[in-house]
Number of protein chains: 2
Amino acid sequence: MTGQNTARSHVAVDWGTSSFRLWLIGDDGSVLAERRSDEGMTSAAGSGFAVVLDAHLAAIGAGADLPVIVCGMAGARQGWVEAGYLDTPAALSAIPEAAIAVPGTARDIRILPGLAQRDDQAPDVMRGEETQLLGAMADLGTAAWNVCMPGTHSKWVRAADGRVSGFSTFMTGELFDAISKHTILSHSVAEAGGGGSGAFAAAVVEAHADPALFTSRLFGLRAGQLLHGLSAADARARLSGLLIGMEIAGARAGSADGGIALVASGTLAALYQDAFAALGLDVSTIDADHAVRRGLAAAAKALWNR
Amino acid sequence: MTGQNTARSHVAVDWGTSSFRLWLIGDDGSVLAERRSDEGMTSAAGSGFAVVLDAHLAAIGAGADLPVIVCGMAGARQGWVEAGYLDTPAALSAIPEAAIAVPGTARDIRILPGLAQRDDQAPDVMRGEETQLLGAMADLGTAAWNVCMPGTHSKWVRAADGRVSGFSTFMTGELFDAISKHTILSHSVAEAGGGGSGAFAAAVVEAHADPALFTSRLFGLRAGQLLHGLSAADARARLSGLLIGMEIAGARAGSADGGIALVASGTLAALYQDAFAALGLDVSTIDADHAVRRGLAAAAKALWNR
């Protein structure tokens, strides 16, 4: 932590389904303190959102006049205070304008809205990623991009010049969990750990080329174990590769002109970089933590000019 | 039951992962008695395969000289007695020849082998469906067919003139269960019951046309509920349609010349018939129960000339 002498500007919170992250931001934009916990929406809905937030604010000694900007599932219908959705096509600058103030608190607490695509054929929603995107586009400039934000529900956003024209969600991470834990493949897929990167890359290429064979290639992990002694580590790498290869094929089919930007951190960033490399696709990577803090800071600037 | 005066020929057993079915067959081919239970391989592995079979044989008063022909998971490595696999390409007539006798029993009990496709790129196995196929091909004759046997693990077999050239397994039924019970869609998808047939047919066509968008369309069930009030019954019908549409697209991509034959019974037969109709594909349907009994009878004839 830096900046003992830096004045406090605001508190930024990324409140997801299963995780809570809070940063105390200085008026020079620096991070003065950070808090992370598993008190996501699911947990906080039981213990109380205000109780959870107050405990973290007390731990960093936040005065009552320090405002808080929040993005993520805290704004869902089943969250703290419903913050609604901005409809696409949407200007990213409209996100802070649509923030909802939490009522009944002395402190100024605002929750940012999600984005909704009210399309009969491809209805879609996001909540939290719009703030990552606001931060990422500050780095990406005004060019057209297909922005990939991987995770439990991977988001692919078509954005240019500060506007979102549309987006698609792929249930990649959640299907990985459901298939590896709740199907016959639970006997064939290792619980953790890295399989061969060759197995991963080959599966990415196969699924990208023939997405219709996805569920057949899944069964091939079981048959490959029975007939060829496919290892559990390689089966895990192949399962991941099949899902990510199919995701990229689907996203590219619906993509606009422009390059691919990857907003991700750590092992997930490395995994997707390997997948894009296997397909010979260029990608620009932006750290996801950096992006969400920058997006929250942009919202704080717009709301409070600080 | 018919045939009080018909002599007993043999007992036929279809022993699956989760179900046990037994028929007492007369020497004119008629069914003299039938038993069904949930004592599949998973259950019988605990209680003992011989114990389960003996109890059912006693219930129909089967004399010790009445032989028993068995297909299905009883012949798996984790089953009763491992019956191995015939490798593709395979003649269906070789199935009875490769039957394994259960050792240590006074009664003549034979278990039929499965089929294995020892292909590096598309390893695959089946156990039980080869006997359905043996019976179905007796009806289908010598022409070339793409035979669809839907279920937990749907099998598509390329067969002509009594020979299997290759096959593919699609995890359609198992993914339906895993996705509807173990993902966020458990909140959006009805637990049972028929959704609109229009919702089902539309999803079949969409997934068949753009299989790469499968996991995105899955998330669309959740978003459709949030944004458009998609009913839980229609979401269930769409989930089923997306999986079956993708299966048919994948199977057709790998299919040989020849028509499509559907080997299925009851609601599953009706569902796949609706899917093929939505895609404008002609299909010949053969009842699955009839097919497996006919396949077991053909094996009994080959083994014991009765």
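Quick caveat: nothing in here was measured; it's all calculated off a predicted structure. Throughout, a chain's letter reflects where its sequence line sits, starting with A, and its residues are numbered from 1.
- In terms of modelled atom types and a separation under 3.5 Å, the side chain of B/His228 and the main chain of A/Asp119 share a donor-acceptor contact.
- Looking at B/Ile179, only its side chain comes within 4.5 Å of chain A, counting heavy atoms on both sides.
- Of the listed residues (A/Lys181, A/His208, A/Arg118, A/Gln121), the one with the most heavy-atom contacts under 4.5 Å to chain B is A/Arg118.
- Heavy atoms closer than 4.5 Å to chain B are found in both the backbone and the side chain of A/Leu226.
- Most heavy-atom pairs under 4.5 Å with chain A: of the set B/Asp177, B/Leu213, B/Val125, B/Leu227, this distinction falls to B/Leu227.
- Minimum heavy-atom separation, B/Met171 to A/Phe219: SD-N, 3.6 Å.
- Under the salt bridge (Lys or Arg N to Asp or Glu O under 4.0 Å) criterion, the residue pairs touching residues 208-230 of chain B are B/Glu206-B/Arg217, B/Asp210-B/Arg217, with sequence neighbours excluded.
- Residues meeting the side-chain hydrogen bond (donor to acceptor under 3.5 Å, both in side chains) test with B/Asn146, sequence neighbours left out: none.
- Smallest separation of non-hydrogen atoms from A/Ala178 and B/Thr183: CB-CG2, 3.8 Å.
- Per-residue heavy-atom pair counts under 4.5 Å with chain B were compared for A/Thr17, A/Thr152, A/Ile184, and the maximum is reached by A/Ile184.
- Residues of residues 76-85 of chain A having a heavy atom under 4.5 Å from any heavy atom of chain B, listed by number: A/Arg77, A/Gln78, A/Tyr85.
- Note on ring orientation: taking the six-membered ring where Trp is involved, the planes of B/His182 and A/His182 are parallel (angle under 30°, cut-offs 30° and 60°).
- Counting only distance, with no hydrogens or angles, the side chain of A/Thr169 and the backbone of B/Ser216 share no donor-acceptor pair below 3.5 Å.
- Proximity to chain A (any heavy atom under 4.5 Å) is shown, for B/Leu218, by both the backbone and the side chain.
- The greatest number of non-hydrogen atom pairs below 4.5 Å with chain B, out of A/Leu221, A/Asp120, A/Ile248, is found for A/Asp120.
- The distance from atom CG of B/Leu185 to atom CD of A/Glu174, rounded to the nearest 0.5 Å, is 7.0 Å.
- Within the structure, no pair that satisfies the salt bridge (Lys or Arg N to Asp or Glu O under 4.0 Å) test touches residues 242-263 of chain B, not counting sequence neighbours.
- Looking at B/Ala249, both its backbone and its side chain come within 4.5 Å of chain A, counting heavy atoms on both sides.
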